[in-house]
Enquirer: 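Before I ask anything, let me first share the structure, which is written out below as structure tokens.
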2 protein chains.
Amino acid sequence: MTSQPSTRGRVLAAYQDLLISDGPSAATLDAVAAAAGVSKGGLLYHFKSKEALVEGLLAQLREYAEADFAAMAQAPQGCAAYYVRTSVFGNTPFDRAIVAAHRLIQGDDDSVRQVFAGLHARWYELILTDLKDAATAHAVMLLGDGLYYNAALFGFPTGVHFGKETQDGVTVDALLEIVEKLRPQARS
Amino acid sequence: MTSQPSTRGRVLAAYQDLLISDGPSAATLDAVAAAAGVSKGGLLYHFKSKEALVEGLLAQLREYAEADFAAMAQAPQGCAAYYVRTSVFGNTPFDRAIVAAHRLIQGDDDSVRQVFAGLHARWYELILTDLKDAATAHAVMLLGDGLYYNAALFGFPTGVHFGKETQDGVTVDALLEIVEKLRPQARS
DNA sequence: GTCTATAGTACGATAGAC
DNA sequence: GTCTATCGTACTATAGAC
């Protein structure tokens, strides 16, 4: 029952949205409070400091991540294809949490880096289970990373990038075909 | 003759180093001036504003980029392999300029984004010439992007990451083998 | 639980001496 | 060309009324 629009939830959502659309420097306490419809004092009642706001964001990210790991482990297309496919920004809650947190990596806060390092380790583990070969697994992860970083850094001008095309008319399906080529063939 | 340690050059180098090691928020005018061994007033004589500092960084980046495009077009191993290989952080002047500028993308400055968009377009063009197929070219670029972004965002704890290994014992050579697998075979 | 008012600090930039 | 001193602003966070 955490999904009701409590003030705390509205503040967190506003912080996330500001990070995604305008970057960390624009996500000041004033701006977040205004976007959430409360005063700065009201915001600081729920989150005692800016660091607490970040922690709130990361806690939410970790929640979504656990659910994603479970889905990935059971994905019928295999973990590798699942990873690449979901590396395209899809505007899901998980995607939004990732991109928002990504924008904080440059900052001084080392805890954000650590969270992403942990996510990466889990993903790699799953892909390796799927593909067996370390180099291939690494290559597939890098491909997905490239997709995600491009989205996170260069973003979605105005809601574009949501479709299937990633660039120059190249579709995700075309990328997935390439990933399948890399899958070690069972000798028959 | 731009390589002599002029004050202007030292300031620019100090700004670059601070961006790479401590991020944008640490690269204040005070910090840059101190690192370069001048006062803030002295710094501002050479660069009238912080924006001018960024422009100086980008000008340098563009210079290095032009030289890299030329080398890439003539690379014996082909453009695709060249791109992936040089996407590993190698501590070259070009690498350092790229990583430093990358840290500014999150900021408000749109000019940094545009420079990287331009670089990407040129690289893609060269790789496509090499590989002929758009989807494959895109995949190779994403692989290189992933390498570079991981380096730029998570960095080099203390000079590590300079060797051939990128992660979990996976070498760049192993990644290059995978790229070669993707190269469309000449029908014989 | 939410507000206003304000303290304290850090940053970018200017002015003017040397 | 480089320095010191200073102004203006924007931000985080606290204190206390309601």
Side-chain angles (χ1 to χ4, degrees), chain A residues 1-58 100-101 103-112, chain B residues 1-58 100-101 103-112:
Chain A
M1 310 305 172
T2 57
S3 54
Q4 57 187 333
S6 60
T7 300
R8 194 190 144 92
R10 287 208 325 277
V11 168
L12 213 51
Y15 182 46
Q16 207 181 56
D17 291 346
L18 275 171
L19 280 176
I20 294 176
S21 56
D22 298 335
S25 60
T28 67
L29 293 185
D30 279 290
V32 173
V38 289
S39 70
K40 190 154 54 170
L43 183 159
L44 285 164
Y45 170 79
H46 294 284
F47 299 94
K48 291 197 173 179
S49 68
K50 194 155 199 187
E51 197 186 338
L53 249 184
V54 174
E55 283 173 28
L57 201 71
L58 293 180
R103 303 226 148 173
L104 295 171
I105 287 191
Q106 312 282 19
D108 336 74
D109 211 326
D110 213 44
S111 58
V112 186
Chain B
M1 311 297 181
T2 59
S3 55
Q4 56 187 335
S6 62
T7 299
R8 193 190 146 94
R10 287 207 327 276
V11 167
L12 212 51
Y15 182 47
Q16 210 182 54
D17 292 346
L18 275 171
L19 280 177
I20 293 176
S21 56
D22 298 334
S25 59
T28 66
L29 293 185
D30 279 289
V32 171
V38 289
S39 70
K40 190 153 55 169
L43 184 158
L44 285 164
Y45 170 79
H46 294 283
F47 299 93
K48 292 198 173 181
S49 68
K50 193 154 201 189
E51 195 186 341
L53 250 184
V54 174
E55 281 173 29
L57 200 73
L58 294 180
R103 302 226 150 174
L104 294 170
I105 288 189
Q106 311 283 17
D108 335 75
D109 209 327
D110 213 44
S111 58
V112 186

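Residue numbering restarts at 1 for every chain, and letters A, B, ... go by the order of the sequence lines.
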Enquirer: From A:L12 CG over to A:T7 OG1, what is the distance, rounded to the nearest 0.5 angstrom?
Expert: 12.5 Å
Enquirer: About how many Å separate CD1 of B:I105 and OG of B:S111, when rounded to the nearest 0.5 Å?
Expert: 10.5 Å
Enquirer: Could you check whether any side-chain heavy atom of A:H46 comes within less than 4.5 Å of a side-chain heavy atom of A:V38, counting everything from C-beta outward?
Expert: no
Enquirer: Side chains of B:V11 and B:L53: does their closest heavy-atom pair fall under 4.5 Å?
Expert: yes
Enquirer: Any chance you could measure A:S21, atom OG, to A:R103, atom CZ, to the nearest 0.5 Å?
Expert: 8.0 Å
Enquirer: Less than 4.0 angstrom between a side-chain N/O of A:Y45 and OP1 or OP2 of C:dG1, yes or no?
Expert: yes
Enquirer: Give every pair of a protein N or O atom and an N or O atom of nucleotides 12-16 of chain D that lie under 3.5 Å apart, one pair per line with the distance.
Expert:
from: D:dT12; atom 1: OP1; to: A:K50; atom 2: NZ; distance (Å): 2.6
from: D:dT12; atom 1: OP2; to: A:L29; atom 2: N; distance (Å): 2.8
from: D:dA13; atom 1: OP2; to: A:K50; atom 2: N; distance (Å): 2.8
from: D:dA13; atom 1: N6; to: A:K40; atom 2: NZ; distance (Å): 3.4

Enquirer: Find the distance B:L53:CG to C:dC11:P and express it as a whole number of Å.
Expert: 15 Å
